[in-house]
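Structure first, commentary second.
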Amino acid sequence: MMTKRFFTALCVGALLFASLGGCASKSGQESTGEYLDSTVISGKVRANILADKEVSIFKIDVTTYKGVVQLSGFVKTTKEKTRAEAIAKEVEGVKKVINNIVVKAD
């Protein structure tokens with residue numbers, strides 16, 4: 001159920017942004033193509049984390065800008081934090097991963 005909603009939201013977002021194809025980007029911003037690439041990369045990272053039994057995607061946010069993936073949120077163990085970063089690095093198109101996930105103590 002969650003996977004279906006995730007992919008539906010991803011497709012709607014991609015279609016919405018694709019309609020802005022003629023818009024020019026400003027310096028320091030992603031072009032439309034870069035934005036779509038970043039959206040796809042973020043989606044793949046989220047899907048791979050969701051498929052992994054060791055990591056809870058519900059507490060991790062994934063943001064991508066020009067191939068740089070930023071992970072943020074909270075996990076229970078250092079192992080989960082490290083695993084999320086490893087998963088992100090495996091996705092095609094990822095140039096760098098910034099892991100800002102916080103390990104919270106209960």
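Please read all numbers here as calculations on a predicted model, not as lab measurements.
Environment of NZ in Lys79: sparse, with no more than 12 heavy atoms of neighbouring residues, nucleotides or ligands closer than 6.0 Å.
At distances below 3.5 Å, not a single donor-acceptor pair connects side-chain atoms of Gln70 with backbone N or O atoms of Asn99. Proximity of a side-chain donor or acceptor of Lys81 to a complementary backbone N or O of Ile101 within less than 3.5 Å is detected.
Contact of the Lys76 side chain with the Lys59 side chain is registered, since non-hydrogen atoms from C-beta on lie closer than 4.5 Å. Proximity of Ile60 to Val75: side-chain heavy atoms (C-beta onward) are separated by under 4.5 Å at one or more points. Counting heavy atoms from C-beta outward, Glu80 and Glu54 have side chains that stay 4.5 Å or more apart.
The two residues Ala88 and Val94 have their closest heavy-atom pair at O-CG2, 3.3 Å. The two residues Ile41 and Gly93 have their closest heavy-atom pair at CD1-O, 3.5 Å. Taking each heavy atom of Ser38 and Gly67 in turn, the nearest pair found is OG-N, 4.2 Å. Minimum interatomic distance between Asn48 and Ile87 (heavy atoms only, all atoms of both residues): CB-CG2, 3.4 Å.
Hydrophobic clustering of Ile, Leu, Val, Met, Phe, Trp and Tyr side chains at less than 4.5 Å, counting indirect connections, keeps Val55 apart from Val102. Cluster annotation: Tyr65 is not connected to Val62 through the hydrophobic network of ILVMFWY side chains, with a link wherever side-chain heavy atoms come within less than 4.5 Å. A single hydrophobic cluster is seen to contain both Val103 and Ile49, as judged by linkage of ILVMFWY side chains at heavy-atom distances under 4.5 Å, directly or through other members.
Apart from Ile98 itself, the hydrophobic cluster it occupies contains Val68, where clustering links Ile, Leu, Val, Met, Phe, Trp and Tyr at side-chain heavy-atom distances under 4.5 Å.
Distance check, rounded to the nearest 0.5 Å: OH of Tyr35 to CD of Gln29 gives 11.5 Å. Note that OG of Ser31 and CG of Leu36 are 8.5 Å apart. Values are rounded to the nearest 0.5 Å. The CG atom of Leu71 lies 8.0 Å from the CG atom of Asn100; values are rounded to the nearest 0.5 Å.
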Item checked: Residues Thr64, Ser42; criterion side chain to side chain donor-acceptor pair (under 3.5 Å); working and verdict -> CA-CA 6 Å; Thr64 306; Ser42 290; 2.6 Å; yes
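In terms of the salt bridge (charged side-chain N to carboxylate O under 4.0 Å, His left out) criterion, residue partners of Asp52 (sequence neighbours excluded) are, by chain and number, Arg83. Residues that satisfy the side-chain hydrogen bond (donor to acceptor under 3.5 Å, both in side chains) test with Lys89, not counting sequence neighbours, are Glu85.
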